[in-house]
Protein chains: 2
Amino acid sequence: MTAISPQGRTEMLRADGKPVRVLIVDDEAALSELLSMTLRYEGWEVRSAGDGAEAVRAVREFRPDAVVLDVVLPDMDGISVLRRLRREEPAVPVLFLTARDAVEDRIAGLTAGGDDYVTKPFSLEEVVARLRGLIRRSGASSVRTESLLSVGDLTLDEDSHEVTRAGRSIHLTATEFELLRYLMRNPRRVLSKAQILDRVWSYDFGGQANVVELYVSYLRKKIDAGCSPMIHTRRGAGYLIKPGE
Amino acid sequence: MTAISPQGRTEMLRADGKPVRVLIVDDEAALSELLSMTLRYEGWEVRSAGDGAEAVRAVREFRPDAVVLDVVLPDMDGISVLRRLRREEPAVPVLFLTARDAVEDRIAGLTAGGDDYVTKPFSLEEVVARLRGLIRRSGASSVRTESLLSVGDLTLDEDSHEVTRAGRSIHLTATEFELLRYLMRNPRRVLSKAQILDRVWSYDFGGQANVVELYVSYLRKKIDAGCSPMIHTRRGAGYLIKPGE
DNA sequence: GGCGTTTCTCAGGAAATTCACAGGCTGGGC
DNA sequence: GCCCAGCCTGTGAATTTCCTGAGAAACGCC
């Protein structure tokens, strides 16, 4: 089930019409808060736990639709936490947070089911998208939300990562894809370069703000080439996407 | 929920019909005062805190709908304050105030979800607009306010920054946009050049007062061209906007 | 380890915007 | 009808903002 909020953003709802519930299990307060705030803003109900014991308690009481689990925790490792979570709630999908070098072999074993993972440092856009995907596939929301975003004759499939303009398939790199997705999830809304940077680039990105300009430029070459432009610059304010003409 | 005040200004109200509450956290007394006065005049309830400890206390008692947070504070840096605020009130949206050059290092990673920031020196119009946006999207006011302002056949969308007159789209620069927004938020009310300067230009603007005349002139060329004029001069008093005829 | 791809920095140039200045215009008091 | 403060607006220059090519560095895939 999806609902269009007054601001025009699409919200994810559960079968009973209540907001989706997410449990965040992470001992780094800063990260945990960053995620909480972001997910709340997505319209979800969030609860967070700082260690494994708390997580198990929370999953029992809170009955989340999905769990974000940092695999490095102070009192138990992620695997034990996972095991105990699963004992409580076998079907709940889990999004693992992991360091880049804490290689894929371990994670691969964990994510065998419907689970997924992102590596630190991640972008908020990525976490939100993965979570949406997990929840969508888990069937927590009764009416399946579409994975297809569209603005005018431009479409973007969040599952297959396929992008088309006027039926024509377009190849995008990972960053280009995330930028376009963020724009398309906020059509007709001006997004500042700072907002884009905070959302699409990873939280520890320390580079120049003009990467945003650069990637907008890349996108335009691929998206708006030969067509009426959909990506618009609002000088001094930011960028927005809207149907051509 | 919006209400039209007796003077014709639109006010923002919370679900319970009470005014919106804003907490200002800033150690520069002058700036803090300026903001307080401005926000009170907007019809909001304002409380201010000069340091982090006070801020934490205030957020606990006052339960603000939004926080304005200067990231440079005497006793704690903005990040710690933010963290402690969030522990008290996880969902409260924050508007960060920051120096222009400090932007790129630290702010990334702070702004999550609905948060936003403005760089010093800012214009009051900008701060108010951002705050309104933050509160509007956070859901503090039960009936969400529209992002669309309209006076006669003139409309201004604060989200898309789109302006139309009689259905015809009009391109405005950033300053023109802010000036028009200020006028349109105060329809049928005479605004003096001094008021406009104080509100639309940044607080450290040191230029000639006749920029206001200049920008009114620009606006007229774009807004009132060929139509019955909506922007009127009250000689010796100021300007006002009202529907044509 | 090599090679193509992707990400990002840097810097030059183009374009839009902001603003000062100054001369012209106007309304209203006399 | 005259005058002047107050207002309007054309011109142009400084500044800001944005766009984009070139190339270095990092990454990922055999």
Side-chain angles (χ1 to χ4, degrees), chain A residues 99-101 103-105 108 119-123 125-126 161 163 170-180 190-194 196-197 200-225 229 231-240, chain B residues 100-101 103-105 108 119 121-123 125-126 161 163 170-180 190-197 200-202 204-225 229 231-240:
Chain A
R100 172 136 316 190
D101 48 1
V103 211
E104 329 221 328
D105 39 301
T119 57
K120 296 193 222 179
F122 45 77
S123 74
E125 188 58 21
E126 193 179 352
H161 278 216
V163 175
I170 295 168
H171 169 80
L172 298 184
T173 69
T175 307
E176 290 164 358
F177 180 82
E178 281 205 1
L179 170 57
L180 182 61
V190 174
L191 301 168
S192 71
K193 278 187 278 198
I196 294 173
L197 208 55
V200 175
W201 270 260
S202 55
Y203 53 80
D204 70 342
F205 178 79
Q208 306 299 310
N210 86 330
V211 284
V212 177
E213 295 169 18
L214 188 62
Y215 273 85
V216 166
S217 170
Y218 290 160
L219 267 188
R220 281 182 170 144
K221 266 183 226 158
K222 294 181 175 180
I223 300 291
D224 285 342
I231 301 175
H232 303 266
T233 304
R234 288 276 172 277
R235 218 153 221 274
Y239 300 95
L240 85 166
Chain B
R100 168 138 321 198
D101 46 2
V103 175
E104 283 149 31
D105 335 320
T119 57
F122 45 77
S123 75
E125 185 59 20
E126 195 179 349
H161 282 215
V163 174
I170 295 169
H171 170 81
L172 298 185
T173 69
T175 307
E176 290 164 359
F177 180 82
E178 282 208 356
L179 170 58
L180 182 61
V190 175
L191 301 168
S192 72
K193 278 188 279 195
Q195 273 181 296
I196 294 173
L197 205 56
V200 175
W201 272 261
S202 55
D204 70 342
F205 179 78
Q208 307 297 310
N210 86 330
V211 283
V212 176
E213 295 169 16
L214 187 61
Y215 272 85
V216 166
S217 167
Y218 290 161
L219 268 188
R220 281 181 168 142
K221 262 185 237 160
K222 294 181 176 179
I223 300 291
D224 286 343
I231 302 175
H232 304 268
T233 304
R234 289 280 172 275
R235 220 151 208 280
Y239 300 94
L240 85 166

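Every chain is numbered from 1 and lettered A, B, ... according to where its sequence line falls, protein lines coming before strand lines.
Set against C:dC10, C:dA20, C:dT18, the side chain of B:Thr173 has C:dT18 as its closest nucleotide. Nearest nucleotide to the side chain of A:Gln208, out of C:dT6, C:dC21, C:dT9: C:dT9. In this structure, the nucleotide among C:dC19, D:dC8, D:dT20 sitting nearest to the side chain of B:Arg220 is D:dC8. Nearest nucleotide to the B:Asn210 side chain, out of C:dT18, C:dC8, C:dC21: C:dC21.
Across all strands, A:Glu213 comes closer than 4.0 Å to base atoms (heavy-atom distances). Nucleic acid contact class of A:Tyr239 (heavy atoms, under 4.0 Å, all strands): sugar-phosphate only.
Here CD of A:Glu178 is found 8.0 Å from NE2 of A:His161. Values are rounded to the nearest 0.5 Å. Separation of atoms CD (B:Glu126) and OG1 (B:Thr119) is listed at 6.5 Å; rounding is to 0.5 Å.
For D:dG6, the OP1/OP2 oxygens have no side-chain nitrogen or oxygen of B:Thr233 closer than 4.0 Å. Contact between the side-chain N/O atoms of B:His171 and the OP1/OP2 oxygens of C:dT17 is found at a separation under 4.0 Å. Between A:Trp201 and C:dT7 there is no side-chain N or O to OP1 or OP2 distance below 4.0 Å. Checking the phosphate oxygens (OP1, OP2) of D:dC8, no side-chain nitrogen or oxygen of B:Ser217 falls inside 4.0 Å. The phosphate of D:dC19 (OP1 or OP2) has no side-chain N or O of A:Lys193 nearer than 4.0 angstrom.
The distance from atom CG of A:Leu172 to atom P of C:dT7 is 10 Å, rounded to the nearest whole Å. For the pair A:Lys221 NZ and D:dG21 P, the computed distance is 5 Å after rounding to whole Å. Spacing between atom CG of B:Leu197 and atom P of C:dC19 amounts to 10 Å, rounded to whole angstrom units. Distance A:Ile196 CD1 to C:dC8 P: 14 Å, rounded to the nearest Å. Rounded to whole Å, atom P of C:dT17 lies 14 Å from atom CG of B:Leu214. Straight-line distance from the CD atom of B:Glu178 to the P atom of C:dT18: 10 Å, rounded to whole Å. One interatomic measurement links the two molecules: OH of A:Tyr215 to C1' of C:dT9, which rounds to 12 Å at whole-angstrom precision. Spacing between atom CZ of A:Phe205 and atom P of C:dT9 amounts to 4 Å, rounded to whole angstrom units.
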>> Walk me through whether B:Ile223 and B:Val163 qualify under side-chain contact (heavy atoms from CB on, under 4.5 Å).
In response: CA-CA 9 Å; B:Ile223 300 291; B:Val163 174; 4.2 Å; yes
> Hey, mind stepping through A:Arg220 and A:Thr233 against side-chain contact (heavy atoms from CB on, under 4.5 Å) and telling me if it holds?
Replying inline: CA-CA 11 Å; A:Arg220 281 182 170 144; A:Thr233 304; 2.6 Å; yes
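Contact annotation: side chain of B:Tyr218 to base of D:dC8, donor-acceptor pair absent below 3.5 Å. Between the side chain of A:Arg235 and the base of C:dT17, no donor-acceptor pair under 3.5 Å is found.
Classified by interplanar angle (parallel below 30°, tilted 30° to 60°, perpendicular above 60°), the ring pair B:Phe205/B:Trp201 is tilted.
With B:Lys193 contributing its side chain and B:Asn210 its backbone, the two residues share no donor-acceptor pair below 3.5 Å.
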